[in-house]
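In what follows, chains carry the letters A, B, and so on, assigned in the order in which the sequence lines appear, proteins first and then strands, with residues in each chain numbered from 1.
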Amino acid sequence: MGECQKEIVPLPQVFYQQPTLELSKALLGCLLVKETNLGMAAGYIVETEAYIGPGDKAAHSYNNRRTARTEVMFHRSGLAYTYQMHTHCLFNVVSGGEENPEAVLVRALEPRYGIELMKTRRGIQDLNNLTNGPGKLTKSLGITMEDYGSSLTLLPLYIAKGFCPESISVGKRIGIDNSGEAKDYPWRFWITNNKFVSRHQKSEYEIKSTKC
DNA sequence: TACTAGATAGACT
DNA sequence: GTCTATCTAGTAT
């Protein structure tokens, strides 16, 4: 409302061609946008996890498992990989390039645009509880299985430039306790001290941002 | 902090 | 047909 949204445009394909771990960090601070006939909803990405293909037991594509569900992971980077989990839909960014099935899970957002719409979709008023989890953010933005395989460089679902985080924390991934040694890999990234992260956890280390 | 129910798609036998 | 799962919300301890 009254805010200047003119500069919100999708990031180019080349953005998605960096290595998955780099992409996971680069996505922090970016704006995830979904436009529907109800309006636009968007938030800054504040938490991600990397899932690195055939060698990662926690990844759906472990051991190059190629099924109807994981098919899109084998396609080009920058596509949306949505996945139904219990009653929720989770959103991943395909990475790694053709025939290299990697992905970045977006775990939490900081609400930015369309906040009233998000509250309506979630049926709650608490801003702090709106998008602080992978299932919550998809519901807030209206991301569904219909977005499976869509390009993030095109409307209605896309990622745009946001801000540059001062510090990034690194730790173990969440919710993959049955994945053997893979559960200890430090492939979770979040913006240090951001209150919208899904879970507060001790970081293994922190990265002071030098890019942007 | 710990547990449990909810309620569903996809993978596999 | 059976089992598992990148989760959430609610309740009990």
* To do: List the steps and the verdict of salt bridge (Lys or Arg N to Asp or Glu O under 4.0 Å) for A:Glu71 and A:Arg66.
  => CA-CA 6 Å; A:Glu71 179 63 28; A:Arg66 186 167 187 161; 2.9 Å; yes

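When both distances must be under 3.5 Å, the Watson-Crick or G-U wobble mate of C:dA9 is B:dT4. Nucleotide C:dT4 forms a Watson-Crick or G-U wobble pair with B:dA9, both donor-acceptor distances falling under 3.5 Å.
Side chain of A:Tyr81 to backbone of A:Ser95: no donor-acceptor contact under 3.5 angstrom is found. Of the possible polar contacts, none joining the A:Ser167 side chain to the A:Thr192 backbone as a donor-acceptor pair under 3.5 Å is found. A donor-acceptor pair under 3.5 Å links the side-chain atoms of A:Ser77 to the main chain of A:Gly97, judged by distance alone.
In this structure, A:Lys57 atom NZ and C:dT6 atom C1' are separated by 17 Å, rounded to whole Å. If you take CD1 of A:Ile143 and C1' of C:dT6, they are 15 Å apart, rounded to a whole angstrom. Nucleotide C:dT8 holds its C1' atom 19 Å from the CZ atom of A:Arg121, rounded to whole Å. Put simply, CD on A:Glu102 is 17 Å from P on C:dT6, counting in whole angstrom units. Between A:Tyr83 atom OH and C:dC7 atom P there is a gap of 8 Å when expressed in whole angstrom units. Residue A:Arg122 contributes atom CZ, which lies 8 Å from atom C1' of C:dT8 at whole-angstrom precision. Distance CE (A:Met73) to P (C:dT6): 11 Å, rounded to an integer number of Å. Whole-Å rounding puts the A:Met85 CE to C:dC3 C1' distance at 13 Å.
Summarising the geometry, atom CD belonging to A:Glu206 is positioned 7.0 Å from atom CG belonging to A:Asn193; distances are rounded to the nearest 0.5 Å. Between atom CG of residue A:Leu11 and atom OH of residue A:Tyr16 there is a gap of 5.5 Å, rounded to the nearest 0.5 Å. In this structure, CG on A:Leu109 lies 11.5 Å from SG on A:Cys30, to the nearest 0.5 angstrom.
Counting heavy atoms from C-beta outward, A:Asn129 and A:Lys136 have side chains that approach closer than 4.5 Å.
The salt bridge (charged side-chain N to carboxylate O under 4.0 Å, His left out) test with A:Glu49 singles out one residue from A:Arg199, A:Arg107, A:Arg173, and that residue is A:Arg107. When A:Arg112, A:Lys139, A:Met118 are each tested for a side chain to side chain contact (heavy atoms under 4.5 Å, CB included) with A:Thr131, only one passes: A:Met118. Exactly one residue among A:Phe74, A:Tyr51, A:Tyr83 makes a ring-ring contact (aromatic ring centres under 6.0 Å, His included) with A:His60. That residue is A:Tyr83.
Centre separation under 5.5 Å together with a plane angle under 30° holds for the ring of A:Tyr51 and the six-membered base ring of C:dT6, marking them as stacked.
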Taking N or O atoms only and anything under 3.5 Å, show me the protein contacts with nucleotides 3-6 of chain B, one pair per line.
{"unit_1": "B:dG6", "atom_1": "O6", "unit_2": "A:His86", "atom_2": "ND1", "d": "3.3"}
{"unit_1": "B:dG6", "atom_1": "N1", "unit_2": "A:His86", "atom_2": "ND1", "d": "3.4"}

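Residues from residues 173-183 of chain A with heavy atoms under 4.0 angstrom of DNA chain C, sorted by number: A:Gly175, A:Ile176, A:Asn178. Contacts between residues 58-70 of chain A and DNA chain B, defined by a heavy-atom separation below 4.0 Å, involve A:Arg65, A:Thr67, A:Ala68, A:Arg69, listed by number.
OP1 or OP2 of C:dA9 sits under 4.0 Å from a side-chain N or O of A:Lys136.
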